[in-house]
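One structure below.
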Amino acid sequence: MDANAGFDPWSPQFVADPYPGYARLRAAGRVHWFGPSRQWLVPHYEDVRTLLRDRRLGRTYLHRFSHEEFGRTAPPAAHEPFHVLNGHGLLDLEPPDHTRIRRLVSKAFTPRMVENLAPVVARLARELVDDLLAAGGGDLIGAVAEPLPVAVIAEMLGIPAGDRKLLRPWSAAICGMYELNPDEETARNAVRASLDFSAYLRELIADRRTRPGDDLISALVLAHDEGERLTEQEMVSTCVLLLNAGHEATVNTTGNGWWALFRHPDQLAALRAEPGLLPGGIEELMRYATPLQLFERWVLDDIEIAGTAIPRGSEVALLFGSANRDPARFPAPDRLDVTRTDNPHLSLGAGIHYCLGAPLARLELLASFGELLRRAPRLRLVAEPEWKPGFVIRGLRELLVAC
């Protein structure tokens with residue numbers, strides 16, 4: 001099959017509605033070579049779920065091979081600041097480094113810390129919705145979806161209020177490198193943001209070494225296990241990952257989710273009528289309007305999918321958006337159903353790279369959706385939204401509403 005017939009991640013039309021293309025991919029087979037990004041596309045739920053846990057694949061290969069041994073070209077030296085920052089974060093590490101760092105980070109980023117943030121999350125969501133209501137509406141993404149997770153993570157890290165405006169632009173620039181075949185301007189912006197964000201965090205870490213507080217950076221400085229501690233670079237990379245991964249999923253689930261609800265007024269009415277449906281409704285919105293569409297992994301040892309040999313050195317693209325709409329796993333997958341109970345979506349990953357911040361993301365989503373459902377019963381769309389050009393991290397530019 002010509003994968004281009006069903007998969008065109010640079011097309012605005014495809015980004016706006018990739019699901020018919022995914023259906024064609026699933027119907028045509030279990031794995032497809034996609035020449036433009038030199039990846040094997042994997043569109044079926046069971047294959048994606050299995051490969052997320054398969055230790056023959058990894059987010060990096062540098063723990064076992066050099067670039068040359070793996071048949072890959074090293075990234076340009078000018079991009080090194082981005083790759084150093086990215087390469088020391090949990091998302092792009094494999095055991096044993098991943099195991100050690102996740103264990104240490106888990107000693108700092110505890111369930112108790114998330115639990116203690118609940119009143120802060122509730123207050124911030126309430127204040128943001130207050131402002132939206134007072135204005136009679138506006139851009140739901142700019143007014144609520146974006147500022148909430150950024151403020152929560154900044155609060156958690158102990159970043160001073162005056163500096164928080166820096167975080168979103170840094171994150172957006174760095175996340176541009178996660179798209180397929182990023183161009184040189186995107187790389188330059190990511191490198192600049194990596195340098196600036198890292199320098200900022202190093203100053204904060206130095207301050208917390210001498211004046212520890214009750215924030216996460218202080219906890220990361222103090223975290224140890226049998227004499228092992230995080231290096232400064234590991235702390236910096238962890239903080240950046242928490243911001244980038246922690247708010248991108250929340251922002252885009254909020255924007256994409258409300259857009260889905262506006263297009264399914266019966267489901268919106270159900271959530272307004274029965275607040276107890278909201279936790280399951282959040283899971284359904286994460287499935288139906290998947291914020292992270294594609295997750296890449298390297299083939300460290302030869303594998304085979306449905307008779308197709310995929311050799312070491314290859315890259316697979318696990319299509320989360322397609323897996324979450326696979327009729328082999330989800331009955332009527334293209335129907336938004338906030339009462340769906342059997343809903344093991346893959347939007348937060350699986351295996352050792354399952355999202356560390358999932359409990360916090362759910363807490364934020366419950367708070368913001370809950371406030372809007374309770375206090376803005378006449379919330380409505382006033383303009384057709386546009387999608388941002390990125391496909392891997394799929395979200396709207398804005399969502400204009402009236403209250």
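Since the structure is predicted, the reported quantities are computational estimates derived from the model, not experimental observations.
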field: N/O donor-acceptor pair under 3.5 Å between Arg53 side chain and Ala350 backbone
entry: no
task: Answer whether the closest heavy-atom distance between the side chains of Val401 and Arg380 falls below 4.5 Å.
output: no
field: Pro291 backbone acceptor or donor facing Asn256 side chain under 3.5 Å
entry: no
task: May I ask you to decide whether Glu228 forms a salt bridge with Lys107, counting only side-chain N to carboxylate O separations under 4.0 Å?
output: no
- request: State whether Glu232 and Arg202 are salt-bridged, where the test is any N-O pair (Lys NZ or Arg NE/NH1/NH2 against Asp/Glu carboxylate O) under 4.0 Å.
  value: yes
- prompt: If only atom types and distance count, is the side chain of His44 paired as donor or acceptor with the main-chain N or O of Val31 below 3.5 Å?
  reply: no
field: Leu400 side chain reached by Leu381 side chain, heavy atoms, under 4.5 Å
entry: no
task: Salt-bridge test for Arg30 and Asp47: reply yes if a basic N is under 4.0 Å from a carboxylate O, no otherwise.
output: yes
message: With a sphere of 6.0 Å drawn around NE2 of His224, does it hold more than 12 non-hydrogen atoms of other residues, nucleotides or ligands?
response: no
query: Within a reach of under 6.0 Å around CD of Glu80, are more than 12 heavy atoms found that belong to other residues, nucleotides or ligands?
result: no
field: Residue pair Leu379 / Phe262, side-chain heavy-atom distance below 4.5 Å
entry: yes
field: Pair Tyr22 + Tyr19: ring centers closer than 6.0 Å
entry: yes
field: Geometric class of the Phe295/Phe320 ring pair [parallel <30°, tilted 30-60°, perpendicular >60°]
entry: parallel
- line: Smallest heavy-atom separation, Arg329 atom then Pro344 atom, equals NH2-CG, 3.0 Å
- request: Please determine which of Phe65, Tyr61, Trp40 meets the ring-ring contact (aromatic ring centres under 6.0 Å, His included) test together with Trp298.
  value: Tyr61
message: Do the side chains of Glu283 and Arg340 get close enough for a salt bridge, i.e. N-O under 4.0 angstrom?
response: no
query: To the nearest 0.5 Å, how far apart are NE2 in His264 and CG in Leu285?
result: 10.5 Å
statement: From the list Asp97, Thr99, Leu93, side chain to side chain contact (heavy atoms under 4.5 Å, CB included) with Pro95 holds only for Thr99
query: Going by atom types only, do Asn244 and Ser171 share a side-chain donor-acceptor pair under 3.5 Å?
result: yes
- prompt: Salt bridge or not for Glu386 and Arg397, using N-O below 4.0 Å?
  reply: yes
Spatial distance of atom CD1 (Ile174) from atom CZ (Arg192) [nearest 0.5 Å]: 12.0 Å
- prompt: Would you say the side chains of Thr231 and Gln233 form a donor-acceptor pair under 3.5 Å?
  reply: no
field: Close side-chain approach of Leu348 to Met286, heavy-atom, < 4.5 Å
entry: yes
- prompt: Mind checking whether Trp10 and Phe391 have side chains closer than 4.5 Å, heavy atoms only?
  reply: no
Side-chain heavy-atom pair Cys239, Leu220 within 4.5 angstrom cut-off: yes
field: Least distance between heavy atoms, Val144 atom then Leu128 atom
entry: O-CD1, 4.0 Å
query: Going through the checks in order, is the side chain to side chain donor-acceptor pair (under 3.5 Å) test met by Arg287 and Ser347?
result: CA-CA 6 Å; Arg287 180 199 71 83; Ser347 296; over 6 Å; no
- request: Measure across Ala16 and Arg394 and return the closest heavy-atom pair with its distance rounded to 0.1 Å.
  value: O-NH2, 2.9 Å
- prompt: So does Arg375 pair up with Asp130, basic N to acidic O under 4.0 Å?
  reply: yes
Donor-acceptor contact below 3.5 Å, side chain Arg56 vs main chain Val299: no
message: So for atom CG, which belongs to Asp183, do other residues, nucleotides or ligands contribute more than 12 heavy atoms lying within a distance under 6.0 Å?
response: yes
- prompt: Is Glu69 salt-bridged to Arg64, cutoff N-O under 4.0 Å?
  reply: no
field: Test item: Ser218 side-chain N/O and Pro212 main-chain N/O as donor-acceptor pair under 3.5 Å
entry: no
- prompt: Is any side-chain heavy atom of Asn86 less than 4.5 Å from a side-chain heavy atom of His83?
  reply: no
query: Counting N and O atoms only, with roles assigned by atom type, does the side chain of Thr290 sit under 3.5 Å from a partner on the main chain of Gln293, one being a donor and the other an acceptor?
result: no
- prompt: Are a donor atom and an acceptor atom from the side chains of Tyr288 and Asn324 found within less than 3.5 Å of each other?
  reply: no
message: Quick one about Glu248 and Tyr178 (side-chain donor to acceptor, distance below 3.5 Å, no hydrogens or angles considered), yes or no?
response: no
field: Nearest-0.5 Å distance that lies between atom SG in Cys175 and atom CD1 in Ile393
entry: 4.5 Å
query: Does the cation-pi check pass for Arg188 over Phe82, that is, NZ or CZ under 6.0 Å from the six-membered ring centre and within 45° of its axis?
result: no
- prompt: Is Arg312 salt-bridged to Asp301, going by a charged N under 4.0 Å from an acidic O?
  reply: no
Donor-acceptor contact below 3.5 Å, side chain Asp139 vs main chain Leu399: yes
field: Pairwise ring-ring contact (aromatic ring centres under 6.0 Å, His included) hits with a residue in residues 330-376, at least two apart
entry: Tyr45-Phe330, His98-His353, Trp258-Phe369
Lys388 vs Leu396 side-chain heavy atoms within contact, under 4.5 Å: no
message: Can a donor-acceptor pair be found, under 3.5 Å and without considering hydrogens, that links the side chain of Arg208 to the backbone of Ala219?
response: no
Test: Arg168 cationic atom under 6.0 Å from Trp170 six-membered ring centre, within 45° of axis: no
query: Can you tell me if Glu94 and Thr60 form a side-chain donor-acceptor pair at under 3.5 Å?
result: no
message: Can you tell me if Glu203 has over 12 outside heavy atoms packed within less than 6.0 Å of its CD?
response: no
query: Which pair of non-hydrogen atoms, one from Ser237 and one from Leu85, has the smallest distance, and what is that distance?
result: OG-O, 2.7 Å
- prompt: Which atom names give the shortest non-hydrogen contact between Val236 and Leu201, and what distance separates them?
  reply: O-CD1, 3.8 Å
query: Are the side chain of Gln39 and the backbone of Leu41 linked by a donor-acceptor contact shorter than 3.5 Å?
result: no
message: If only side-chain N and O atoms count, and only distance matters, is there a donor-acceptor pair under 3.5 Å linking Asn189 with Thr186?
response: no
query: At what distance, to the nearest 0.5 angstrom, does CD1 of Ile153 lie from CG of Leu117?
result: 10.0 Å
task: Test Glu184 against His79 for side chain to side chain donor-acceptor pair (under 3.5 Å), laying out the working first.
output: CA-CA 10 Å; Glu184 190 54 39; His79 298 178; 3.2 Å; yes
- request: Please name the pair of heavy atoms, one in Glu284 and one in Asn343, separated by the smallest distance, quoted to 0.1 Å.
  value: OE1-ND2, 3.2 Å
